[in-house]
Number of protein chains: 2
Amino acid sequence: MKKKKVTIKDVAKLSGTSPMTVSRVINNHPNVSEETKKRVLNAIEKLGYRPDADARAIRTGKTNRIGIIVSDIRNPFYSEMVGHIEDVANEKKMFITFSDTSRDVDTEKRVFEEMIHMGVDALIIAPEGFEIEHLSRYADRTFILSFGVHLPDLPIAEVWIDEEAGARQAGEYLKSRGVKKVELLMGNPRKFTTLARISGFMKGFGRIERLRHFRVEYGETYRYVKEVEELPEAFFCYNDLMAAGVIKALKEKGITPGKDVLVMGYDDAYIADILELTTVKIPIRKMVEIAFEMIEKNKKEKIRVEPQLMVRKTA
Amino acid sequence: MKKKKVTIKDVAKLSGTSPMTVSRVINNHPNVSEETKKRVLNAIEKLGYRPDADARAIRTGKTNRIGIIVSDIRNPFYSEMVGHIEDVANEKKMFITFSDTSRDVDTEKRVFEEMIHMGVDALIIAPEGFEIEHLSRYADRTFILSFGVHLPDLPIAEVWIDEEAGARQAGEYLKSRGVKKVELLMGNPRKFTTLARISGFMKGFGRIERLRHFRVEYGETYRYVKEVEELPEAFFCYNDLMAAGVIKALKEKGITPGKDVLVMGYDDAYIADILELTTVKIPIRKMVEIAFEMIEKNKKEKIRVEPQLMVRKTA
DNA sequence: AAATGATTTGTTATCGTTAACAATGATACC
DNA sequence: GGTATCATTGTTAACGATAACAAATCATTT
């Protein structure tokens, strides 16, 4: 049924050389005569040979694979992130081994361990609930990079988002618009990110009227706002998806976002553009570039990036 | 710097057995005495041993990897698809090797070949521009499954979407609403999918007023509708993203989608819900389940699924 | 022409695991 | 007791590639 594999030996035989010579050809080693090189390449072409990545990995220790772990690929922030990483990986002809944990901490833990053990040249994680000790146990096995979250005590690379600064801008902006009563619609209160956004916002805005935590899903805030009786002057949401839920609920109540009630999101996913949502932009593309730079140079630094206010129509 | 790898030999030494016995333990072979099993497991625990996936792959031919190739992970249809596949893969403890071709045909060709050669147990593709011969050359090397697109002449597995039937429903619906003049805002005219949706729609609706092709991006239709002078009574869009662009443009023109002009999308991505978009739902979750069923049973069939009309507010 | 050095090629061993077979020890049966 | 039977364990070789070394070839110098 399945065609048998063409190996380096087949190529060697057909081209009348040794496996080693073939290996040298496919790896562009300098000391191969033009003539044999040609013969080998012919044979490769004729047989449709391609080196076996796994065999290489086992011998050289280099896998040419980058692992990515995110908590929910359906969230535009993460699709955006993965999309950009893919762009770069394609350029460099690397493969991506991808995992989505569905925000489940146990799954997260498991796939993290498995990725380390299956062998990746670098592992990019957008940590949701990683426990510190757990992570640090493996920090010396692979190049691990935290994408977004700042974990000061861990000896791993980071491109971290200064969430405090970002949320603070949002707070200051809403304050400057004369808002007095805000309600925050946040995510998981045990996540660093959530905490940072809350505290940042408060630094910029001052006292908060109300604070609620939801699962980071569009339907959650929709249902809440739909049912709530007393509306604030403004909502600041954990991300754009949740803001989308708010907007929809408001509209159904006959309330115009941006006029009667202000709504702000976070991330600047593409729905923000579609909905004219005022939000805080995270520079994903730039972050990915920095990440690859660090991976390539094996620099285990912690680089900070700052989000930026995007004023549109809803606030 | 990097910690050296713990291998099966280390475990054997520590537990006073042979590598083969250890192998048997980790693979749950029956004939291992309880006693040695315990000793081995202890040693594994103590050393933090995990089998090397690459070594296994090379020896057994099974990689435990599933390859996915999509054209744009930022498109909600594909994030949804990948998300569901991940859910199942997680259950089965398989890894996913993922590739995004950015709709580039050459990249698509390249990663396809590379995936085949790097070794995956199955390869799920959502083909954009695959050329037939190219695909069939590899059809006997790996289990290849086309997700969505119907390629009748190719000897590969499929869970294909009956786009004609889906688009036809849309056409019939719009006709039943008394619409006379429609405009179709479609994608790449060389894609099977595009063609099927056009012809299906015409079967349901009849004569079409106008037909345009765009890159499958939100901004494209937005700019177009923004500038166009004469509006039809209804738009039927290639997907929800493009419909989102239309809606935004209409609103900016002071036109209410669903009242003055009807707008329909396709896919039923989550923005459809957010925007109250009338659309055609593709049953992704179900498709993924069928796909895995086929992969597991090694059944090279072509299963058809039918989309379903979702009436909301914009049409 | 012999010696030297540089270039090109081949050999052997190994990466971590498992398949196939061999060996050991225990148990059962006549 | 001796042999057949079974469960358990170990040995060897191999998967496909490459690193490290050795050998062969060629060109260059004296």
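Convention: sequence-line order gives letters A, B, ...; per-chain numbering from 1.
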So, is [X] near the phosphate of [N], with a side-chain N or O under 4.0 Å from OP1 or OP2?
X: A/Asn31; N: C/dT9; value: no
X: B/Ser23; N: C/dT17; value: no
X: A/Thr36; N: C/dT8; value: no

Interatomic distance where [atom1] belongs to [X] and [atom2] belongs to [N] [whole Å]:
X: B/Lys13; N: C/dG16; atom1: NZ; atom2: P; result: 12 Å
X: A/Lys9; N: C/dT11; atom1: NZ; atom2: P; result: 13 Å
X: A/Arg24; N: C/dG10; atom1: CZ; atom2: P; result: 8 Å
X: A/Met20; N: C/dT14; atom1: CE; atom2: P; result: 16 Å

B/Glu113 vs B/Lys109, salt bridge (charged side-chain N to carboxylate O under 4.0 Å, His left out): CA-CA, chis, key distance, verdict: CA-CA 6 Å; B/Glu113 282 198 29; B/Lys109 204 164 162 175; over 6 Å; no
Of residues 41-64 of chain B, the positions that come close to DNA chain D - non-hydrogen atoms, cut-off under 4.0 Å: B/Ile58, B/Arg59
Check against salt bridge (charged side-chain N to carboxylate O under 4.0 Å, His left out), B/Arg39 and B/Glu35: CA-CA 7 Å; B/Arg39 279 215 321 279; B/Glu35 204 260 321; 3.3 Å; yes
Salt-bridge criterion met for B/Asp10 and B/Lys46 (N-O under 4.0 Å): no
Outermost nucleotides of DNA chain D that come under 4.0 Å of a non-hydrogen atom of chain A: D/dC15 to D/dA20
Using 0.5 Å steps for rounding, measure from the [atom1] atom of [X] to the [atom2] atom of [Y].
X: B/Ile295; Y: B/Leu123; atom1: CD1; atom2: CG; value: 9.0 Å
X: A/Asp267; Y: A/Ile282; atom1: CG; atom2: CD1; value: 4.5 Å
X: A/Leu145; Y: A/Lys302; atom1: CG; atom2: NZ; value: 9.0 Å

Trace of the salt bridge (charged side-chain N to carboxylate O under 4.0 Å, His left out) decision for A/Glu296 with A/Lys92: CA-CA 11 Å; A/Glu296 282 194 339; A/Lys92 306 203 188 299; 3.1 Å; yes
Donor-acceptor contact below 3.5 Å, side chain B/Asp121 vs main chain B/Ile66: no
